[in-house]
Amino acid sequence: MNEWADRQESVRTSGRAPEDGAVPGDGAARNGGRPARDRTELVFFTDEGTSARLPAVCWDELPAGQQRHPLRARPMTLGEDWRVMQYRLAHTACGDHRARDRLEAEVGVGLAVRRAFGDAPYHQLFARFGGYHLDVREPFVFYEPARGRPLAALAGRATVKEQERIRSELVLAVRLLEAIEVVHRGLTPHTVRWDGRHVRLPEPCLATRAGHPREAFGEAPWAAPEQRAGHGTADPRDDLWSVAQVMYHLVTGREGDPDGPPRDLARLPALGVLSTAFASTAQERGRPVEVLRMLNRQDPLQGRPLPADPLEPGRRAFDGELARKRIALGLDDDPAAEPGPGRTPGRGLRALFGADRTGMGGRR
């Protein structure tokens, strides 16, 4: 966390943010001969809930195939050399309540992971959350760019040592997310990265809270059968299915059976400890902590409760203010009302983590 502490020291707190979260600067800039789209000052909130302001160079948006629809992605350089990837909801799409709820939920997960594991030796397993601002014309979140290559680039070529390391860290990451009641739902060989030392999970843009009703989405074979069908409620063992399928692809270079164990599982000793994770229902799969035990890896949370959040009172106060504002704008979920087009009741930040767990601190 020394690097993050240095960054926090370098930012200065500010007053209320401007309407769009960015203060216009003096026009275009250049970085190594590459033309920048704009130079601004970005106002955002850190994971500690403090308002910060940094000079920002905004580069061209990524091509359409690399966007996270309906969010727009663009690289930014903050301060001297802090390179980040910003995902923002364009003002033309702000009427898409489902998209806004999903962005709020993503910020909530990013903050929860940061609070729980930011100082731990395994923080490198997760996308590096940078900052966010939701109360602006174009709400956004940003992360530090992921290192390494997608696991798909190693499919069928990973060494036994790499397979063991990747398998262990993927199961550990799922176990840590289980502890904060999060189901990632976005683990595939194309999104999980490997830098030669550690895996890195993708941004939690699809994450939900354990126990929430499943939505019918996801691609076979990476998403669990019950997830693709939208049956039942989200379970951390959904992510274990994804881990098992990712590992099968890594070991064999092929895609596994979308509905159950692969036929050649018995001939793949590296996948033996994941055999139950290929079960077609979550109830038949082992818990993440049980799979960790089979890997002879100790549960890092055994006897070590997650640390208390010192900013909880401020977050509760902000939650109340956010709820009042959403009601005033007609955006709050009304259980007695019919949802509007594209809106799923209760999918926002408060619904994801509850009134006491949003991690949405920040001054207004």
Q: Go through the side-chain N and O atoms of R147 and H198 and say whether any donor and acceptor fall under 3.5 Å apart.
A: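 Looking only at side-chain atoms, H198 and R147 do not form any donor-acceptor pair under 3.5 Å.
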Q: Begin with the C-alpha distance, continue with both residues' side-chain angles, and end with the deciding distance and a verdict on salt bridge (charged side-chain N to carboxylate O under 4.0 Å, His left out) for E61 and R88.
A: CA-CA 11 Å; E61 292 181 352; R88 75 187 194 282; 2.8 Å; yes
Q: Report yes or no: do L201 and L240 belong to one cluster of Ile/Leu/Val/Met/Phe/Trp/Tyr joined by side chain heavy-atom distances under 4.5 Å?
A: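 They do share one cluster, since a chain of ILVMFWY contacts under 4.5 Å joins L201 to L240.
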Q: Grab the two heavy atoms, one from P236 and one from V174, that are nearest each other, plus how far apart they are.
A: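 Closest approach of P236 to V174, heavy atoms only: O-CG1, 3.7 Å.
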Q: Any side-chain donor-acceptor pair under 3.5 Å between E284 and T281?
A: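 T281 and E284 do have a side-chain donor-acceptor pair below 3.5 Å.
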Q: Between the side chain of R228 and the main-chain N/O of P258, is any donor-acceptor distance below 3.5 Å?
A: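 Side chain of R228 to backbone of P258, a donor-acceptor pair under 3.5 Å: yes, one is there.
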Q: Give a yes-or-no answer on whether the side chains of T191 and W222 include a donor-acceptor pair shorter than 3.5 Å.
A: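 W222 and T191 do not have a side-chain donor-acceptor pair below 3.5 Å.
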Q: Using the six-membered ring wherever Trp is involved, compare the ring planes of F140 and F142 and label them parallel, tilted or perpendicular (cut-offs 30° and 60°).
A: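 Ring orientation of F140 relative to F142: parallel.
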Q: Side chains of Q227 and W241: donor-acceptor distance under 3.5 Å anywhere?
A: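 On atom types as modelled, these side chains do not qualify, holding no pair under 3.5 Å.
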Q: Between R74 and Q86, do the side chains contain an N or O donor and an N or O acceptor separated by less than 3.5 Å?
A: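 Yes, because at least one side-chain N or O of R74 sits under 3.5 Å from a partner of the opposite role on Q86.
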Q: Can you tell me if R102 uses its side chain to pair, donor with acceptor, with the backbone of A207 under 3.5 Å?
A: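 Yes, because the side chain of R102 sits within donor-acceptor range (under 3.5 Å) of the backbone of A207.
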Q: Can a side-chain donor-acceptor contact be found between H91 and E138 if the only test is distance below 3.5 angstrom?
A: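 Yes, H91 and E138 have a side-chain donor paired with an acceptor closer than 3.5 Å.
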Q: Measure the shortest side-chain to side-chain distance between R200 and V192 over non-hydrogen atoms and say whether it is less than 4.5 angstrom.
A: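 Not touching, per the 4.5 Å side-chain cut-off.
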Q: List the steps, then state whether side chain to side chain contact (heavy atoms under 4.5 Å, CB included) holds for V199 with R193.
A: CA-CA 5 Å; V199 300; R193 290 179 173 267; over 6 Å; no
Q: Quiz question: by atom type and distance under 3.5 Å, do the side chains of S168 and R297 form a donor-acceptor pair?
A: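 A donor-acceptor contact under 3.5 Å links the two side chains.
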Q: Here's one to test your reading of the geometry: is the NZ or CZ of R128 within 45 degrees of the ring axis of Y143 and under 6.0 Å from its centre?
A: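 No - R128 does not lie over the ring of Y143 by the 6.0 Å and 45° rule.
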Q: So F117 and F126, would you call those rings parallel, tilted or perpendicular, with 30° and 60° as cut-offs?
A: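 Rings of F117 and F126: parallel, as their planes differ by under 30°.
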Q: If we count only N and O atoms by modelled type, under 3.5 Å, do the side chains of Y248 and R254 hold a donor and an acceptor together?
A: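 Yes - a donor-acceptor pair under 3.5 Å links their side chains.
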Q: Establish, yes or no, whether a centroid distance under 6.0 Å links the rings of F45 and H133.
A: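 Centroid distance F45-H133: below 6.0 Å, so yes.
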Q: Check the pair E178, R175 against salt bridge (charged side-chain N to carboxylate O under 4.0 Å, His left out), reporting the backbone distance first and the verdict last.
A: CA-CA 5 Å; E178 177 189 38; R175 163 61 185 135; 3.2 Å; yes
Q: At what distance, to the nearest 0.5 angstrom, does SG of C205 lie from CD of E106?
A: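 Those atoms lie 5.5 Å apart.
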Q: Return the CG to CD1 distance between L154 and I166, rounded to the nearest 0.5 Å.
A: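 One finds 5.5 Å between CG of L154 and CD1 of I166.
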Q: For R263, does its backbone N or O pair with a side-chain atom of R267 as donor and acceptor, under 3.5 Å?
A: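 No, R267 side chain to R263 backbone: no donor-acceptor pair under 3.5 Å.
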Q: Taking D235 for the side chain and A282 for the main chain, is one N or O donor matched with an acceptor at less than 3.5 Å?
A: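 No; judged by distance alone, with no hydrogens or angles, the pair does not exist.
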